[in-house]
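If you read the sequence from its start, that first residue is 1, and numbering goes on from there.
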Amino acid sequence: MPHQIAYKRLSRSDGHRKALLRNMATSFFKYEKIETTSTKAKEVSKVVESLITTAMAGDLAARRKLAEFLTEPAVVKKLVEQIAPSLKGRTGGYTRITKTRVRPGDAAELSLLELVK
């Protein structure tokens, strides 16, 4: 039994999981909310929280670090110039996960991951 694993594998290989998280984080910052399964929402929330904390610095190093992870330059700009300043007063807890429904096809529990403003 594996102990002290910091993340869920999501039934994917390492590269596929990293690509999934990158794409979901980019979509999250683009639309400021996404609906996905509860397990994926929890994993994306961890990634998004750390990216917002990095964006709070707003300097060139932070922008480059964000550009390494996010897939669209316009999303990096939006994150640093709009989203991070609006959350400046908060010390954490930038996202909210709300359970919405059960998907009819496979009975997966879906959740809405949204930005707290």
Side-chain angles (χ1 to χ4, degrees):
M1 175 185 289
H3 295 286
Q4 296 183 339
I5 303 298
Y7 58 87
K8 298 277 186 189
R9 292 192 177 117
L10 302 174
S11 300
R12 289 164 171 80
S13 64
D14 288 341
H16 190 185
R17 185 180 56 253
K18 184 177 178 184
L20 173 83
L21 293 175
R22 289 178 69 193
N23 289 329
M24 290 185 79
T26 302
S27 294
F28 175 76
F29 289 125
K30 191 174 187 178
Y31 302 110
E32 298 186 9
K33 63 181 175 180
I34 54 173
E35 186 178 35
T36 183
T37 61
S38 297
T39 308
K40 285 182 194 171
K42 289 175 188 176
E43 291 303 309
V44 172
S45 178
K46 292 177 193 177
V47 172
V48 165
E49 298 266 343
S50 67
L51 291 174
I52 292 173
T53 304
T54 302
M56 293 280 188
D59 57 352
L60 182 61
R63 285 177 185 260
R64 286 180 176 167
K65 193 168 189 175
L66 293 169
E68 264 182 28
F69 192 80
L70 299 173
T71 59
E72 296 180 24
V75 173
V76 174
K77 184 175 181 180
K78 180 180 179 180
L79 175 58
V80 173
E81 295 177 2
Q82 293 176 9
I83 296 173
S86 70
L87 299 170
K88 204 66 163 177
R90 299 183 70 91
T91 56
Y94 309 116
T95 59
R96 174 187 305 129
I97 299 174
T98 309
K99 294 180 181 179
T100 55
R101 62 190 175 102
V102 175
R103 189 164 50 200
D106 60 354
E109 186 178 80
L110 297 180
S111 294
L112 182 69
L113 176 67
E114 57 189 342
L115 204 57
V116 175
K117 293 215 175 180

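Contact of the Glu49 side chain with the Ser45 side chain is registered, since non-hydrogen atoms from C-beta on lie closer than 4.5 Å. Between Val76 and Phe29 there is no side-chain heavy-atom pair separated by less than 4.5 Å. Residues Phe28 and Val47 form no side-chain contact, since every pair of their non-hydrogen atoms from C-beta on lies 4.5 Å or further apart.
Going from atom CG of Leu115 over to atom CD1 of Ile34 covers 11.5 Å, rounded to the nearest 0.5 Å. Summarising the geometry, atom NZ belonging to Lys117 is positioned 4.5 Å from atom OG belonging to Ser86; distances are rounded to the nearest 0.5 Å. Distance NZ/Lys46 to OH/Tyr7: 10.5 Å, rounded to 0.5 Å. Put simply, CG on Leu113 and CZ on Arg96 are 10.5 Å apart, with the number rounded to the nearest 0.5 Å. In this structure, Lys88 NZ and Ile52 CD1 are separated by 12.0 Å, a value rounded to the nearest 0.5 Å. Lys42 contributes atom NZ, which lies 12.5 Å from atom OG1 of Thr95 (distance to the nearest 0.5 angstrom).
Of all the heavy atoms in Met56 and Ala84, the pair that sits closest is SD-O, 3.6 Å. When all heavy atoms are compared, the tightest approach of Val80 to Ala55 is CG2-CB, 4.3 Å. In this structure, Leu79 and Pro85 approach most closely via the heavy-atom pair O-CD, 4.3 Å.
Linking ILVMFWY side-chain heavy atoms closer than 4.5 Å, directly or via other members, places Ile83 and Leu112 in two distinct hydrophobic clusters. Both Phe69 and Leu10 are part of a single hydrophobic cluster, where members link through side-chain heavy atoms under 4.5 Å apart.
More than 12 heavy atoms of other residues, nucleotides or ligands lie within 6.0 Å of NZ in Lys78, so this atom counts as buried by the packing criterion. Residue-environment remark: CZ (Arg90) exceeds the threshold of 12 foreign heavy atoms within 6.0 Å.
Listed for the Lys8 side chain is no donor-acceptor partner under 3.5 Å among the backbone atoms of Lys40. The backbone N or O of Leu110 lies less than 3.5 Å from a partner atom in the side chain of Thr100, making a donor-acceptor pair.
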Worked check of salt bridge (charged side-chain N to carboxylate O under 4.0 Å, His left out) between Arg17 and Glu43: CA-CA 10 Å; Arg17 185 180 56 253; Glu43 291 303 309; over 6 Å; no
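Pairs passing the side-chain hydrogen bond (donor to acceptor under 3.5 Å, both in side chains) check and including a residue from residues 18-28, sequence neighbours excluded, read Thr26-Thr71.
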